[in-house]
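Within every chain, numbering begins at 1; the chains are lettered A, B, ... in the order of the sequence lines, protein sequences first and strands thereafter.
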Amino acid sequence: MALAQLTDVVKRYDSKLTVDHVNLSIREGEIFGLLGPNGAGKSTTISMLCGLLKMDGGSIVIDSISVAKQPLEAKKRIGLVPQDLALYEDLTAWENASFFGKLYGLRGGLLKERVQEALEFTGLADRAKDKPSTFSGGMKRRLNIACAIMHRPKLIIMDEPTVGIDPQSRNHILESVKALNKLGSTVIYTSHYMEEVEAICDRVAIMDKGHIIACGTEKELRERVAHEEKIVIKAGSITPELITELKRHPRVTRVEAEGETVELYLPSSQSELQDILFIFAKHGGVIQTLQIEEPDLETLFLSLTGRTLRD
Amino acid sequence: MTNIWTIAAYELRRLFRSRTMLINLFLLPILLIFLLGSALSGVIGEGKDRTIHPFRVGIVDAAANPSERSQMIGSFLKSPGVAEIITPEIADSREAAVSGVRSGEYGYAVIVPAGFDQDVQSGQQAKLEYILGKDRSDNMVAATVFDNFLSKINYTQAAALTLGPQAISAMLEPGQASPSVVLGKLNEGGQSYTASQFYAASMLMMFLLLCGQMVITSLYSEKDNHTLFRIGSMPVKGSELFRGKMLGIGIVSVLQCAAIIFATHFLFGVYWGNRPGILALLCLLMILASLTLSVTIAMFAQTAASARSISSGLTVVMTFISGGMAPLPDSWVNTGGAFSINHWGLRGVLRMMLESPLSQISGSLAMLSLICLVLLGLAFFSYRKVGYHA
């Protein structure tokens, strides 16, 4: 059963289509990943889903409630973790959570209980009386999450919640997302970090230039590019002639070279590996390491758009 | 409504956490009132009634013979009222009059040109020359008396030229002439205000207008902190957020207003009049005007810095042209100053300090109400047109 349904959603800025007839169905209880490079239209889609932006076409229904017709009712079911930190630096962590909790309609003992619960969940209970100005980037990100989950929303939307934080905090947040999902919340997780989406999401939609270009489970998406493999070679003395000859190889679909690393995409590495090694030897390229990688979402994005996620 | 109170309560909490804000709100106005009131007390007065004592005025009649001296001036100086405060003394020449004024022999001197009476009777231009003395009050009294005399002559001349010579005799019939000098108080039954009172009122008006700066800071900080984005995703109407903020800042402004009034009353003895209800109403209208003006500016300005610059610039200009920084000539204040919000607030408060009747205060109240109505309309229009969103 779909908890959130986006049907032919359109958003224009001036004459440019930022979100172009997007159709998505987010099932109750899943972690749904929305993957795409910067400027793909993820945040605009999220903004419309939360009732922050008006749609120019289509409809969004959350828990059988139309966002356009009953925005306040729909918003009660959502907890948004914005991409940018949305906190009051002059209020303590407790006061921040308490303020947003009150705006979700929580009062008295229930409010206290939920604020405590949210701060404990994000590992900030012992810093409840401190102001965010004294927090590290990761702690601020966690408080940003705490402020969105106190009312136990059916749908939690996390818009790039791990931008600019250390690996430890990132892991903590990813574990939190899984824990929230286990507690019964449906999660929409947007990111341009493929690894994060692969690690936690049940299903993934890949977005580019306002379109959904692929949608399915990670396994389904990988199968779409199962015919492609990636060889990552680290070598010394890489010359332009070497790269040119690699590109000329009839079975190599794409070559990416940066510094001492060369990435090659080709249908089957086993049959062509000897040829590749021969080209390196011919041009004096001294191979240090060689790695054959399974196709991933990055590979899929590349094969669909001709660009990498971080382009 | 619950959301509005929640937003207002947290707005208050955040405002009261800022030490800079507290200093600007509560300490700075009181300090300014103290400094301006003490330093400029000589400009405005001490709030005491001044008794006018008779003083000598040197009269120089330029006529060649004593028989040709001005009869008009002579009889004017002997008229009731004038004789009580001016003691005329004949001086031989202009030089003698100047010397007498310098030595303090005369408080003032007047040079009457030769043929003054003939000029007046023939409808020619007739002027008197004044030599000012050392005492500011004596100068003011003498100038008022002789200006009044010349005004009457002008009036008589104009009547004679338009209605004929018989008009002069008709105007001089018993009961028609009013006394040349009447001593009394401009504010009958009341007091005059002190420098502290004046600056307490003008600074109160200025700081109430400046409370709009808090609106601008608050509206823009919500955008800069991205909290507006989060609140937009919550079950909160945009207008609730807006009204909550206005309510919070409005409460702070009321507290600021009360603090200025009570502190100046108890610390500097500033008397705010005997109509606390109307004083409160005037202050509330000023706060409303300030909030709505700032909302309009904030809606159309590109950045917080430009909005703050426009708002503070307007406040300073309005305070200056309303005569709030230093007393300006009435003619300026009543022309240019009338276009400022402060003018009406300051006028109303000063009238209350002088215990003027309600009829003299109601004009200011009505004008302030009208200004608030217009600004409220503008703020509403700009909110509808531009909106408040991340």
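Applying the ring-ring contact (aromatic ring centres under 6.0 Å, His included) test to residues at least two apart or on different chains, the pairs with a partner in residues 231-255 of chain B are B/Phe242-B/Tyr383, B/Phe242-B/Tyr388.
Of the atoms belonging to B/Ser18, not a single heavy atom falls under 4.5 Å from chain A. Both the backbone and the side chain of A/Leu91 come within less than 4.5 Å of a heavy atom of chain B. In this structure, chain A has a heavy atom under 4.5 Å from the side chain of B/Arg17, while its backbone stays farther away. Both the backbone and the side chain of B/Ile7 have a heavy atom closer than 4.5 Å to some heavy atom of chain A. Both the backbone and the side chain of A/Ala148 come within less than 4.5 Å of a heavy atom in chain B.
Under a 4.0 Å N-O distance rule, the pair B/Glu240/B/Arg243 does not qualify as a salt bridge. Ion pairing between a basic and an acidic side chain is recognised when a charged N comes within 4.0 Å of a carboxylate O; A/Lys129 and A/Glu95 show no such pairing.
In terms of modelled atom types and a separation under 3.5 Å, the side chain of A/Glu89 and the main chain of A/Ser133 share a donor-acceptor contact.
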Test A/Arg77 against A/Glu73 for salt bridge (Lys or Arg N to Asp or Glu O under 4.0 Å), laying out the working first.
CA-CA 7 Å; A/Arg77 286 149 175 84; A/Glu73 276 306 308; 3.3 Å; yes
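Of the listed residues A/Asp84, A/Ile157, A/Leu49, A/Leu87, the one with more heavy-atom pairs under 4.5 angstrom with chain B than any other is A/Asp84. Between chain B and the options A/Asp90, A/Ile78, A/Leu53, A/Leu85, heavy-atom pairs under 4.5 Å are most frequent for A/Asp90. Considering only heavy-atom pairs separated by less than 4.5 Å from chain B, the leading option among A/Ala74, A/Ser98, A/Pro153, A/Gly105 is A/Ser98.
Ring orientation note: the planes of A/Phe99 and B/Tyr10 are tilted relative to one another, at an angle of 30° to 60°.
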